[in-house]
Each structure stands twice: as structure tokens, then as C-alpha cells.
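The basis for the numbers below is simple: all heavy atoms, side chains too, and nothing from hydrogens, waters or symmetry mates.
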Amino acid sequence: MIKKNNIKMVGNILSTKNRINLHLIAPLYFIGVVLLYLFVLVCTEFYTDENLLFGFCLSENCLDFLNRRFERTLAIFDWVLKVGAIWFALSSLVLGIRTFELAQRNSVTNNHINNFKSFCDYINSEIKNFKYLKKNKIDLYKLYDLVFPKSKVGELTEFTDYEKVVKNLRNQLIESSKIFKRKTSGSISVFDYEKHQLNLIKVVEKLGVELSHLHRNDFYFIEDDIIKFIDMVTKTFTTIGDKPILLQTINRHYR
């Protein structure tokens, strides 16, 4: 993923350089071609008119004669220079804007790559401290896209989707705890452990965490790790850690 982004960024830079060369050289070509055409016209005029002779002359009479004889040609020459200058200036302005936009896009891409790499490095380092939750059970791409859904466009402070999923997980844990506390007439718990597992598996799958059906006690061990892991991500990478959203604050009576 990172290599592809780097290759794409280099390709954009090279493509932009080619467009810059083309746009800046085009007005120069235009001026050169028109001036060459005017030069040929003047040379033809001297060649076909026997009264005109080539020679080096900078006297006022010579200049007045040239101005009268080639008035239209000089007017076209002046027009070409003005048009060419305006064209070159506008091309420089447009290309300056495009270059700035490209630099911004490349900066956004670099920030996205660096943030994703830091995210993965941190989690891969911290996951070693968990006893039951393993690295191969976490889809870092899916989790990152949930935490930073607008990272590719440079937005790293939008956590609405992630917050919704975590709140859903929190509500599920609270609901399971409430169900456990409800007793029948014979004080027999009506808590359905299988249903609790199934609900949690569905929720954490949205977070990129793979959770399988396990024996009740084994499931609770890994559930503890998942709750700690999600809280770690919330507090480390988001600004919603101060809200009543942390999972470890829940008193899970069924545990």
C-alpha cells in the first residue's frame, strides 16, 4: 500500500514537470514562430525591392524609414510580444497554482502514510503486552479506516464512525450485565452466554478484531484483552477518550 502511494506520488510529480515545461515553452514557441515569419517577410521585401539594400544603419533617418516602410510589421511584432508576455504570465500563474495544489496533495498523502505507519507500529508494539489477544486477530487496515476514515484527504480528527461502534460495544456490554442481574423466581440467572458471545463477535468485527466462539471462561479472558485494547486505541489516537465511552469503566456482572 505504501509503495503504491509512493510510486503514484512520483508519477504525479514527473507528470506535472512535463506539463510545466510544455505550458511555459508554448508561448516562447509562439513568439519565435511569429518573429521568424515576420523576419522572412522583411527579408522578402528587401529581396524583391531593388531600392532596398541590406546594411547596418542606426541613424535616425534609417529608423524613420524602417518605421514608415514596415509600420504594420512592427505593429504585429509589438502585438506578438505583448500577447506572448501575457500568455507566459498567465501560464506561470496557472502552473504555480497547480504546483501548489500538487504539493498539498503530496503532503496529504505523506501525512496519511506516516500516520498509518505510526498507528501500525504502535499497535504492533503494544499488542505484545496482551496475553490472549494476538496480532493476527487484528485487521489493522480495517481498524485504521474506522478510526481515521478521512485520513487520505488529510482529515485526522473525525472519529464519528469509530465512536458509534465503540458506543455500540459499550451498550452491548452494559445490556449483557443488566440481563445477568435479572433473576427468575427461583433466583436462576437467565443470562444467555452464547447470545452474549455472538453479539460481541458481531460488534468487534466492525473494529477489525476477529473473535471466535470459545468456552465461557476462555472467552472472558480474551474479552478482557479486547476491552483493554479498544480503550488503548481510544485514548491514544482519538479525542473522545474523555467522554463516557471507555469500556473498562463498565461493571460487567456476568464476568
Side-chain angles (χ1 to χ4, degrees), residues 1-16 100-173 197 200-214 218-250 252:
M1 176 181 178
I2 294 177
K3 286 185 178 180
K4 288 184 177 179
N5 286 330
N6 287 335
I7 293 174
K8 183 178 180 181
M9 182 171 58
V10 172
N12 288 338
I13 293 174
L14 293 177
S15 177
T16 299
F100 175 74
E101 292 175 347
L102 177 63
Q104 281 192 317
R105 289 197 298 270
N106 289 338
S107 177
V108 168
T109 301
N110 284 330
N111 289 339
H112 165 67
I113 293 173
N114 291 334
N115 193 60
F116 176 71
K117 186 176 184 301
S118 298
F119 180 83
C120 294
D121 289 345
Y122 180 82
I123 288 181
N124 287 334
S125 175
E126 292 298 318
I127 200 66
K128 297 175 183 177
N129 299 324
F130 290 87
K131 185 175 181 181
Y132 300 99
L133 182 60
K134 301 304 178 183
K135 175 182 175 181
N136 62 344
K137 297 297 182 179
I138 303 173
D139 186 341
L140 291 179
Y141 292 97
K142 188 172 185 177
L143 179 58
Y144 181 84
D145 283 340
L146 182 63
V147 179
F148 302 105
K150 299 181 179 180
S151 174
K152 293 180 181 179
V153 295
E155 176 61 66
L156 299 176
T157 58
E158 173 57 56
F159 309 113
T160 303
D161 293 340
Y162 174 77
E163 184 176 4
K164 287 180 180 179
V165 176
V166 176
K167 281 184 176 180
N168 187 20
L169 176 57
R170 177 182 171 83
N171 292 336
Q172 183 60 50
L173 295 173
Q197 286 195 28
L200 253 63
I201 288 172
K202 291 180 179 179
V203 177
V204 298
E205 193 274 334
K206 297 178 180 178
L207 292 160
V209 180
E210 181 183 345
L211 186 58
S212 304
H213 287 278
L214 298 170
D218 293 334
F219 185 87
Y220 288 152
F221 286 140
I222 195 169
E223 179 185 300
D224 290 342
D225 272 3
I226 289 175
I227 288 174
K228 293 176 183 178
F229 173 75
I230 298 302
D231 278 354
M232 179 193 73
V233 172
T234 301
K235 290 186 288 186
T236 305
F237 296 102
T238 77
T239 57
I240 61 177
D242 294 334
K243 297 181 180 181
I245 196 175
L246 297 180
L247 306 178
Q248 294 181 84
T249 60
I250 301 171
R252 291 173 291 146

Handout entry: Pair Glu210 + Lys137: basic N to acidic O under 4.0 Å
Key = yes
Exercise for the section: Mind checking side-chain contact (heavy atoms from CB on, under 4.5 Å) for Asn129 and listing every partner two or more places apart, or none if nothing turns up? Expected result: Glu126
Exercise for the section: Look at the side chain of Thr249 and the backbone N and O of Leu246, then say whether any donor-acceptor pair between them is shorter than 3.5 Å. Expected result: yes
Practice task
For Tyr132 and Asp224, test the side chains for any donor-to-acceptor distance below 3.5 angstrom and give the result as yes or no.
Solution key: no
Completion exercise
When rounded to the nearest 0.5 Å, the distance separating CG of Asp161 from NZ of Lys150 is 8.5 Å
Practice task
Keeping the roles fixed (side chain from Gln197, backbone from Leu214), state whether a donor-acceptor pair exists under 3.5 Å.
Solution key: yes
Problem - Check: Lys131 main-chain N/O paired with Lys134 side-chain donor or acceptor under 3.5 Å - result: yes
Practice task
Please test Thr239 against Thr157 for side-chain contact (heavy atoms from CB on, under 4.5 Å), starting from the C-alpha separation and ending with a verdict.
Solution key: CA-CA 8 Å; Thr239 57; Thr157 58; 5.8 Å; no
Practice task
Quick one: pull up CD1 in Ile230 and CZ in Arg170 and give me the separation to the nearest 0.5 Å.
Solution key: 14.0 Å
Problem - Close side-chain approach of Leu143 and Ile123, heavy atoms under 4.5 Å - result: yes
Problem - Glu223 (side chain) donor-acceptor with Asp225 (main chain) under 3.5 angstrom - result: no
Exercise for the section: Apply side-chain contact (heavy atoms from CB on, under 4.5 Å) to Lys142 and list each qualifying residue two or more places apart in sequence or on a separate chain. Expected result: Asp139, Glu205
Problem - Check: Asp231 side chain, Gln248 main-chain N or O, donor-acceptor pair, under 3.5 Å - result: yes
Problem - Pairwise distance CD1(Ile222) to CG(Leu211) - rounded to 0.5 angstrom - result: 5.5 Å
Handout entry: Sole candidate of Val166, Leu146, Thr238 that passes side-chain contact (heavy atoms from CB on, under 4.5 Å) when paired with Phe159
Key = Thr238
Problem - Asn124 side chain to Cys120 backbone, donor-acceptor under 3.5 Å - result: yes
Practice task
Go through the steps to decide whether Phe130 and Ile226 satisfy the test side-chain contact (heavy atoms from CB on, under 4.5 Å), and finish with yes or no.
Solution key: CA-CA 9 Å; Phe130 290 87; Ile226 289 175; over 6 Å; no
Handout entry: Asn115 side-chain N/O to Asn111 backbone N/O, donor-acceptor pair under 3.5 Å
Key = no
Problem - Side chains of Leu207 and Leu169 in contact at under 4.5 Å (non-hydrogen atoms) - result: yes
Exercise for the section: Classify the ring geometry between Phe148 and Tyr144 as parallel (under 30°), tilted (30 to 60°) or perpendicular (over 60°). Expected result: tilted
Exercise for the section: Flag the pair Ile201 / Ser212 as yes when at least one side-chain heavy-atom distance between them is below 4.5 Å, and no otherwise. Expected result: no
Handout entry: Donor-acceptor contact below 3.5 Å, side chain Arg252 vs main chain Leu173
Key = no
Practice task
First locate atom NZ of Lys135, then atom CG of Leu133, and finally report the distance between them rounded to the nearest 0.5 Å.
Solution key: 12.5 Å
Practice task
Working to the nearest 0.5 Å, report the span between CZ of Phe119 and OG1 of Thr236.
Solution key: 9.5 Å
Exercise for the section: Starting at NZ of Lys164, measure out to CG of Asn171 and round the result to the nearest 0.5 Å. Expected result: 13.5 Å
Problem - Main-chain N/O of Asp121 paired to Ser125 side chain as donor or acceptor, under 3.5 Å - result: no
Problem - Ring-ring centroid check Tyr162 Phe237, cutoff 6.0 Å - result: no
Handout entry: Lys206 side chain near Asn168 side chain, heavy-atom distance below 4.5 Å
Key = yes
